[in-house]
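Residue numbering restarts at 1 for every chain, and letters A, B, ... go by the order of the sequence lines. Note that the structure is a prediction, hence the values are computed from the model and not measured.
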Protein chains: 2
Amino acid sequence: MSLRHGLLGLLAEGPASGYDLARRFSEALGLVWPARHPQIYMELSRLETAGLIEVDSHGPRGRKAYRLTDAGLAEVRRWLSEVEVDHTFRMETLFRSYFFWLMEPDDLKAHLAREERFYDEMAQRLRGYAESKDRGEWGTGRQARAMRIALEAGVRVNQALVDWARWAQETDPMTADDFGTAQPDEAQPDEARPNEAQPGGTGSTG
Amino acid sequence: MSLRHGLLGLLAEGPASGYDLARRFSEALGLVWPARHPQIYMELSRLETAGLIEVDSHGPRGRKAYRLTDAGLAEVRRWLSEVEVDHTFRMETLFRSYFFWLMEPDDLKAHLAREERFYDEMAQRLRGYAESKDRGEWGTGRQARAMRIALEAGVRVNQALVDWARWAQETDPMTADDFGTAQPDEAQPDEARPNEAQPGGTGSTG
DNA sequence: TTCAACATGTAAGAAGTTACATGATTAC
DNA sequence: GTAATCATGTAACTTCTTACATGTTGAA
């Protein structure tokens, strides 16, 4: 449902085609809300039918640019200030961390190192964008400022994940000497079958 | 696709019913990967058909607990160490921030304050869990440690969002005096129609 | 006896992905 | 001419949500 409003928000910046919008999503925007071109084109059709956008112009190779209608602008504003934010986030990285105890210590170490590197590169990249915005390379209007705020969030979240991955490796919580089960090069005995080794928290009467 | 493996991961802790699993998702787990009961029950059926889990016991009111099979354990381990992590995250909060420039300054202030409070409460709550884990109230095994690592990530990400919301309010980037368009109590003239006021970045030839 | 919590499902639909299909224009 | 990029779509499928439907058990 957010995609709908996101498209309206992007069109508020000025007329754009499905292709343009898809490109925006493949860049920074897609880091927090992925969307592929089929979904975008279909959503644009629906928005047009609903009267929230209309065709602005036809370009070179079948290019079709849309523009926001008054109703569309009103709708995206309504969304921003009246519709409750959905605070659930979907992060596979964090989801996986619940299951780290099932991994071989070496695999886990390698995994955390990879994750740290990934988020570090991402944070760096976003910081680069942020700096160019701070130098005024993208203008100084309200829109550029909003971009800057969004970027800052990206930087901070990614940096938090870098710090987390570093912390997890440093405190070495799953690979410490005092917890030596499932050594990498040994065949796993029964401890490796957590299913039977655990009492099984949630009672399962017969 | 992650749900499938998440369920296997949870069942690695010991036998559980669809109801049990749904409850886990409605708690901490659902913060990073939401799942409702219909999806869970259907996924469990599929996993059973695939031979990755099997019925462990039948309980009181039609309760049906599943247990992981050897194939299931192998599969979740394969996922954890061989399958690429999907790094896209879906965060409506951040997505919205791209469109802050469309909001009335007062609405934006209120919005950021609400967001700050929400994430602060969440961070606090997770810190509470983390502390009780650190006191050893949840055991000290590999599984408890994994939980602790997951929790730490939650704390850090939520705290990063608190700091961000605070920063955004403090630097007051969208409400500063030097950018006085769209004052709350005035009727909006043409500046309030960003669609036409902007040159429109992505060329739209006719 | 009645209410809350336990417990499992189906059906319809919305949202999102992947694969397929096609053609125009530009740069080399 | 030929490859990359621009540009739009459809079809099939998976994933996820919402609403509906039903029945059990235990506590007040």
Contacts of A:Phe89 meeting ring pair (Phe, Tyr, Trp, His ring centres under 6.0 Å) (sequence neighbours excluded), chain-then-number -> none
**Message:** Heavy-atom count check: over 12 atoms from other residues, nucleotides or ligands less than 6.0 Å from B:Glu84 CD?
**Reply:** no
note: A:Asp20, atom CG; D:dC6, atom C1'; distance rounded to Å ~ 10 Å
Atom CZ of B:Arg63 and atom C1' of C:dA5 are separated, to the nearest Å, by 13 Å
Between B:Gly62 and A:Arg61, whichever has its closest DNA chain C nucleotide further toward 5' is B:Gly62
More than 12 heavy atoms of other residues, nucleotides or ligands under 6.0 Å from CD of A:Glu137: yes or no? yes
In whole angstroms, the gap separating P of D:dT15 from CZ of B:Phe25 amounts to 14 Å
Which atoms of nucleotides 9-16 of chain C (N or O only) lie under 3.5 Å from a protein N or O atom, and what are those distances?
unit_1, atom_1, unit_2, atom_2, d
C:dG9, OP1, B:Lys64, NZ, 3.2
C:dG9, N7, B:His37, NE2, 3.4
C:dG9, O6, B:His37, NE2, 2.9
C:dG16, OP1, B:Arg90, NH1, 3.0
C:dG16, OP2, A:Gln39, NE2, 2.5
C:dG16, O5', A:Gln39, NE2, 3.2

Check for me whether the distance between the ring centres of B:His111 and B:Phe100 falls short of 6.0 Å. yes
Contacts of A:Arg78 meeting side-chain hydrogen bond (donor to acceptor under 3.5 Å, both in side chains) (sequence neighbours excluded), chain-then-number -> A:Glu75
Checklist line | C:dT8 phosphate, OP1 or OP2, under 4.0 Å from B:Tyr19 side-chain N/O | finding: no
To the nearest angstrom, the CZ-C1' distance between A:Phe95 and D:dT15 comes to 14 Å
_Check the phosphate of D:dT18 against B:Arg36, side-chain N and O only, distance under 4.0 Å to OP1 or OP2. Yes or no?_
yes
Any heavy-atom pair between the side chains of A:Leu31 and A:Phe25 that's under 4.5 Å? no
